[in-house]
Amino acid sequence: MVKIIDLISEEVVKAFVEAGYDSKYGKVTLSNRPDLCEYQCNGAMAAAKEYHCAPFMIADKVAEKLEGNNMFSEVESVKPGFLNLKLNNDYLADYLNKMQQDEERLGCDKVSNPSTIMVDYGGPNVAKPLHVGHLRSAVIGESVKRLARFMGNTVIGDVHLGDWGLQMGLIITELKLRKPELVYFDEAYNGEYPTEPPFTISELEEIYPTASGKSKENPEYKEAAMQATFELQNGRRGYRALLKHILDVSVSDLKKNYEKLNVSFDLWKGESDAQPYIADMVKKMKDDGFAYLSDGALVVDVKEETDTKEVPPCMILKSDGASLYNTTDLATMVWRMKDYNPSKLIYVVDKRQELYFTQVFRCAKKTGIVPSETDLKFLGFGTMNGKDGKPFKTREGGVMRLEYLLKSINDQMYNKIIENKKNKEDIDFNEDDAKKIAQEVALAAIKYGDLSNQASKDYIFDIDRFISFEGNTGPYILYTIVRIKSILAKYNAENKNARDCASNIMGAHSKSEKDLMLSLIKFNAVMENAYEEVAPHKICAFIYELANAFNSFYHNNKILAEEDEKIKTSYIALLLLTKDVLEKCIDVLGFSAPERM
């Protein structure tokens, strides 16, 4: 469906042209004074300069041309030259009915030229548990992936594991100290390696920090770890087999934890998957004259004349020939282009890495790893802070494991639900139901609490505020959806079917009803804008406005007690559409609503 703002602009543009003025002045926007009108056009103010007359004279002429247009209930020319517009109630209802007839997309068109998009998000290190620092990348990346997919694109989400480098050598070195008898350390061994890993995830998560601590205090230990890393990267069979075990155990555990966040990935590739592409990539950079030696290191210049800040060369190999994150990220682009040829790559990463990705993106374009027309997008996110304004920590000052944070919020939400049950006799559910509801509401609290902030901004992770059922929170949005579901269930209990009411929305009978309708018609424009700007927070702002509009309508109208059957049918149809729009939005954001709360 054409966006309502475009339909209105189309009519106003026609009126400007008919009145003898250029079409460019007919653009319409949402009113910045909703107490006066619903939409406005300020084109007459700009046109006055070109046509050398008072703006109100232009606005008057255009208003005359719009007289009798069935799209509007009111067109008013207001000095010094504003056009104030209000939509006709029947026209508005007709638009909403058309939205409802499109059950799958609710009037939101797919992009005209769908493409293949890859989203790089998550970025956990193997052998280490997820902590709160991984939350934003996972939550934002998942919503970006879902939004791009909803808009009709082929979207591939890649977790991009940290599974290469010194951390692997540290684990191998510590494991060799503890279990030297393992066959993986016998260089003469030529047989098949065991299928079962020689450690559990708990052991693995203890091994790495122990090894890391030892390497900082013992130079010989660190040297052994660096040697193990070198041998792993150069193909030593036993070490490669250990790497496979580390990956299998880690990925299995990571999947469980991401599942609790309702986050999933299409690819579980890691830095190690880029290694086979590095040698040829480096050779080509040299052969093409892009890469050169600087203080022993191999680099590519990426500065541009328009730079206002220093952008250092992109280092491809260290002076000892070792690869870096730059090398791995560039080689990862090589296989991504080879296997998927995406037209866009989105990296959901801490905003403090912006300079790094500027270097990598420029290097990729300059050396031809990605074509010039490929869109490389850095979506940098801010820091998740505690109430003290500093990065979120445990009470002891450490970095909190993500699973502990989720459990804490689940428990708090469960206690609130049980307390609510005690206070309301009509709430009937068992302990298992309460736990399931608590998990759904807690997830909404976490995700909405994060996504309602612009990604690039730091924000305060305030659990008490996030789990509140009032204000701009996830639980408030879910409570609104559950309230609608409850009304529809009561309607169905009267031996009726709410879905039979669909597409029977009538013109508004009250201000609160029209306000709800005016919120609903923004849906397709909001989704399109959020997609174009890679901005999930705009969806949050929309559903908060919509939830407020619905609750105002609910408090000001007797829905099930309405005696006029046609009006009641219209109300039910309006509730169905509101519920469907809200549920479509929260699905894109990565959470869902329970049937009751």
**Student:** Is there a side-chain contact between T374 and K344 in this structure, where contact means two heavy atoms from C-beta onward sitting under 4.5 Å apart?
**Tutor:**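 Not in contact.
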
**Student:** For R149 and V155, work out which heavy atoms get closest and say how close.
**Tutor:** NH2-O, 2.6 Å

**Student:** Does the side chain to side chain contact (heavy atoms under 4.5 Å, CB included) test come out yes or no for T29 and Q40, once each step is laid out?
**Tutor:** CA-CA 6 Å; T29 61; Q40 66 186 61; 3.5 Å; yes

**Student:** Give a yes or no on whether the backbone of S486 and the side-chain of R596 come within a donor-acceptor separation of less than 3.5 Å.
**Tutor:** no

**Student:** Counting only N and O atoms by type, is there a donor-acceptor contact under 3.5 Å from the side chain of S468 to the main-chain atoms of D464?
**Tutor:** no

**Student:** Just wondering, are more than 12 heavy atoms of other shown residues or ligands nearer than 6.0 Å to CG in D35?
**Tutor:**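 Yes, because the 6.0 Å sphere around CG of D35 holds more than 12 heavy atoms from other groups.
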
**Student:** Between F82 and C37, does the side chain to side chain contact (heavy atoms under 4.5 Å, CB included) criterion hold? Intermediate values first, please.
**Tutor:** CA-CA 11 Å; F82 301 117; C37 61; over 6 Å; no

**Student:** Hey, can you tell me if Y25 and F16 have their rings parallel, tilted or perpendicular (30° and 60° cut-offs)?
**Tutor:** tilted

**Student:** Will you find, in the side chains of R33 and N84, an N or O donor that is under 3.5 Å from an N or O acceptor?
**Tutor:**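 The criterion, which ignores hydrogens and geometry beyond distance, is not satisfied for N84 and R33.
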
**Student:** Quick check on E532: does its CD atom have over 12 non-hydrogen neighbours (other residues, nucleotides or ligands) under 6.0 Å away?
**Tutor:** yes

**Student:** Is any NZ, NE, NH1 or NH2 atom of the basic residue among D102 and R105 found under 4.0 Å from an Asp or Glu carboxylate oxygen of the other?
**Tutor:**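 Not counted as a salt bridge, because no side-chain N and carboxylate O are separated by less than 4.0 Å.
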
**Student:** Okay, side chain of K584, backbone of E104: is any donor-acceptor separation there less than 3.5 Å?
**Tutor:**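 A pair under 3.5 Å: yes.
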
**Student:** With side chain to side chain contact (heavy atoms under 4.5 Å, CB included) as the test, would you mind laying out the steps for Y571 and E513 before giving the verdict?
**Tutor:** CA-CA 9 Å; Y571 284 169; E513 186 178 5; 3.6 Å; yes

**Student:** Give the minimum heavy-atom separation between I460 and G386, together with the two atoms involved.
**Tutor:** CD1-O, 3.3 Å

**Student:** Looking at every heavy atom in both C585 and I539, which two are closest together, and how far apart are they?
**Tutor:**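 Minimum heavy-atom contact is CB-CG2, 3.8 Å.
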
**Student:** Is the side chain of E11 donor-acceptor paired with the backbone N or O of L66 at a distance under 3.5 Å, no angle test?
**Tutor:**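 Judged by distance alone, no pair lies under 3.5 Å.
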
**Student:** Within the side chain of K485, is there an N or O that forms a donor-acceptor pair under 3.5 Å with the backbone of P594?
**Tutor:**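 It does hold such a pair.
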
**Student:** Report yes if some heavy atom in the side chain of V75 is under 4.5 Å from a heavy atom in the side chain of E67; otherwise report no.
**Tutor:**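 They are not in contact (no side-chain heavy atoms under 4.5 Å apart), so the answer is no.
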
**Student:** Quick check: are there more than 12 heavy atoms from other residues, nucleotides or ligands sitting under 6.0 Å from CD of E565?
**Tutor:**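 More than 12 heavy atoms, drawn from other residues, nucleotides or ligands, come within 6.0 Å of this atom.
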
**Student:** Looking only at heavy atoms, what is the nearest atom pair of E545 and S519, with distance?
**Tutor:** OE2-OG, 2.8 Å

**Student:** Have N89 and S73 got a donor and an acceptor in their side chains that come within less than 3.5 Å?
**Tutor:**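 No.
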
**Student:** Any salt bridge linking R352 with D350? Criterion: basic side-chain nitrogen under 4.0 Å from a carboxylate oxygen.
**Tutor:**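 Salt bridge between R352 and D350, a charged N being under 4.0 Å from a carboxylate O: yes.
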
**Student:** So with a 6.0 Å cut-off around CD of E494, is the heavy-atom count from everything else above 12?
**Tutor:** yes

**Student:** With distance as the sole test, does K447 use its side chain to make a donor-acceptor pair with the main-chain N or O of G474 at under 3.5 Å?
**Tutor:**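 Side chain of K447 to backbone of G474, a donor-acceptor pair under 3.5 Å: no, none is there.
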
**Student:** So does E583 pair up with K579, basic N to acidic O under 4.0 Å?
**Tutor:**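 Looking at E583 and K579, the cut-off is met.
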
**Student:** Quick one: does any side-chain atom of K416 pair with a main-chain N or O of I467 as donor and acceptor, under 3.5 Å?
**Tutor:** yes

**Student:** Atom NZ of residue position K496 - does it have more than 12 heavy atoms of other residues, nucleotides or ligands inside 6.0 Å?
**Tutor:**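 For K496, atom NZ is crowded (more than 12 foreign heavy atoms under 6.0 Å).
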
**Student:** Any sub-3.5 Å donor-acceptor pair from D564's side-chain atoms to K566's backbone N or O?
**Tutor:**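 A pair under 3.5 Å: yes.
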
**Student:** Pick out which of N257, L406, L405 makes a side chain to side chain contact (heavy atoms under 4.5 Å, CB included) with L130.
**Tutor:**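 When N257, L406, L405 are each tested with L130, the side chain to side chain contact (heavy atoms under 4.5 Å, CB included) holds only for N257.
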
**Student:** Taking atom types as modelled and ignoring hydrogens, do the side chains of N557 and S512 form a donor-acceptor contact shorter than 3.5 angstrom?
**Tutor:** yes

**Student:** Hey, are K407 and D411 close enough for a salt bridge, meaning a charged N less than 4.0 Å from a carboxylate O?
**Tutor:** yes

**Student:** Determine whether more than 12 heavy atoms belonging to other residues, nucleotides or ligands lie under 6.0 Å from atom CD of E373.
**Tutor:**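 Yes, CD of E373 has more than 12 neighbouring heavy atoms, counting only those of other groups under 6.0 Å.
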
**Student:** Provide the closest heavy-atom pair for A573 versus S503 in the form atom of the first, atom of the second, distance.
**Tutor:**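 Nearest heavy atoms, A573 then S503: CB-N, 4.4 Å.
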
**Student:** If you measure from the Lys or Arg side-chain nitrogens to the Asp or Glu carboxylate oxygens, is any gap between K145 and E142 under 4.0 Å?
**Tutor:** yes

**Student:** How about D90 and D94: do any of their side-chain heavy atoms sit closer than 4.5 Å?
**Tutor:** no

**Student:** Is there side-chain contact between K457 and H537, with heavy atoms separated by less than 4.5 Å?
**Tutor:** no

**Student:** Are the side chains of D433 and K436 in touch, meaning some heavy atoms are under 4.5 Å apart?
**Tutor:** no

**Student:** For F466 together with Y448, are the ring centres under 6.0 Å from each other?
**Tutor:** no

**Student:** Scan side-chain atoms only and decide if Q353 and Y347 contain a donor-acceptor pair under the 3.5 Å cut-off.
**Tutor:**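 Absent: no donor and acceptor within the cut-off.
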
**Student:** How many angstroms lie between NZ in K568 and CG in N504, if you round to the nearest 0.5 Å?
**Tutor:** 14.5 Å

**Student:** Measure across I140 and A455 and return the closest heavy-atom pair with its distance rounded to 0.1 Å.
**Tutor:** CD1-CB, 4.0 Å

**Student:** For Y51 and Y21, take the angle between the two ring planes, folded into 0 to 90°, and tell me which bin it lands in: parallel under 30, tilted 30 to 60, perpendicular over 60.
**Tutor:**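 If you compare the ring of Y51 with that of Y21, the planes turn out perpendicular.
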
**Student:** Kindly compute the distance separating CG (D375) from CD1 (I346), expressed to the nearest 0.5 Å.
**Tutor:**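 Interatomic distance, D375 CG to I346 CD1, rounded to 0.5 Å: 7.5 Å.
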
**Student:** Do F553 and I559 have side-chain heavy atoms sitting under 4.5 Å apart?
**Tutor:** yes

**Student:** Is there side-chain contact between N385 and F461, with heavy atoms separated by less than 4.5 Å?
**Tutor:** no

**Student:** When you look at L478 and I586, which way does the side chain to side chain contact (heavy atoms under 4.5 Å, CB included) test go after all the steps?
**Tutor:** CA-CA 9 Å; L478 295 197; I586 66 171; 4.0 Å; yes

**Student:** Quick check for you: to the nearest 0.5 Å, what is the distance between L576 atom CG and I505 atom CD1?
**Tutor:** 8.5 Å

**Student:** Is it the case that more than 12 heavy atoms not belonging to K351 sit under 6.0 Å from its NZ atom?
**Tutor:** yes

**Student:** Would you tell me whether D450 and Y459 have side-chain atoms, one donor and one acceptor, within less than 3.5 Å of each other?
**Tutor:**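 Side-chain D/A pair, D450 to Y459: present.
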
**Student:** Sub-3.5 Å donor-acceptor pair from the side chain of N492 to the main-chain atoms of A498, do we have one?
**Tutor:**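 Answer holds: yes.
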
**Student:** When you check the side-chain N and O atoms of E528 and N524, is any donor under 3.5 Å from an acceptor?
**Tutor:**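 Side-chain D/A pair, E528 to N524: absent.
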
**Student:** So how far is it from E431 CD to Y414 OH, rounded to the nearest 0.5 Å?
**Tutor:**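 E431 CD to Y414 OH: 3.5 Å, rounded to 0.5 Å.
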
**Student:** Nearest 0.5 Å, please: how far is CD1 in I417 from CZ in F469?
**Tutor:** 5.5 Å

**Student:** Give, for atom CD1 of I5 and atom CD of E10, the distance between the pair rounded to the nearest 0.5 Å.
**Tutor:** 12.5 Å

**Student:** So, do F378 and F361 have ring centers that fall under 6.0 Å from each other?
**Tutor:**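 Centroid distance F378-F361: not below 6.0 Å, so no.
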
**Student:** Given side chains that start at C-beta, do those of V12 and Y39 come closer than 4.5 Å, heavy atoms only?
**Tutor:** no

**Student:** Quick one: which residue pairs count as a salt bridge (charged side-chain N to carboxylate O under 4.0 Å, His left out) with a foot in residues 497-512, not counting sequence neighbours?
**Tutor:**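 For residues 497-512: R499-D580, K511-D515.
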
**Student:** Is the side chain of S137 donor-acceptor paired with the backbone N or O of V349 at a distance under 3.5 Å, no angle test?
**Tutor:** no

**Student:** Around atom CG of N113, are there more than 12 heavy atoms from other residues, nucleotides or ligands closer than 6.0 Å?
**Tutor:**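 Not more than 12 within 6.0 Å, no.
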
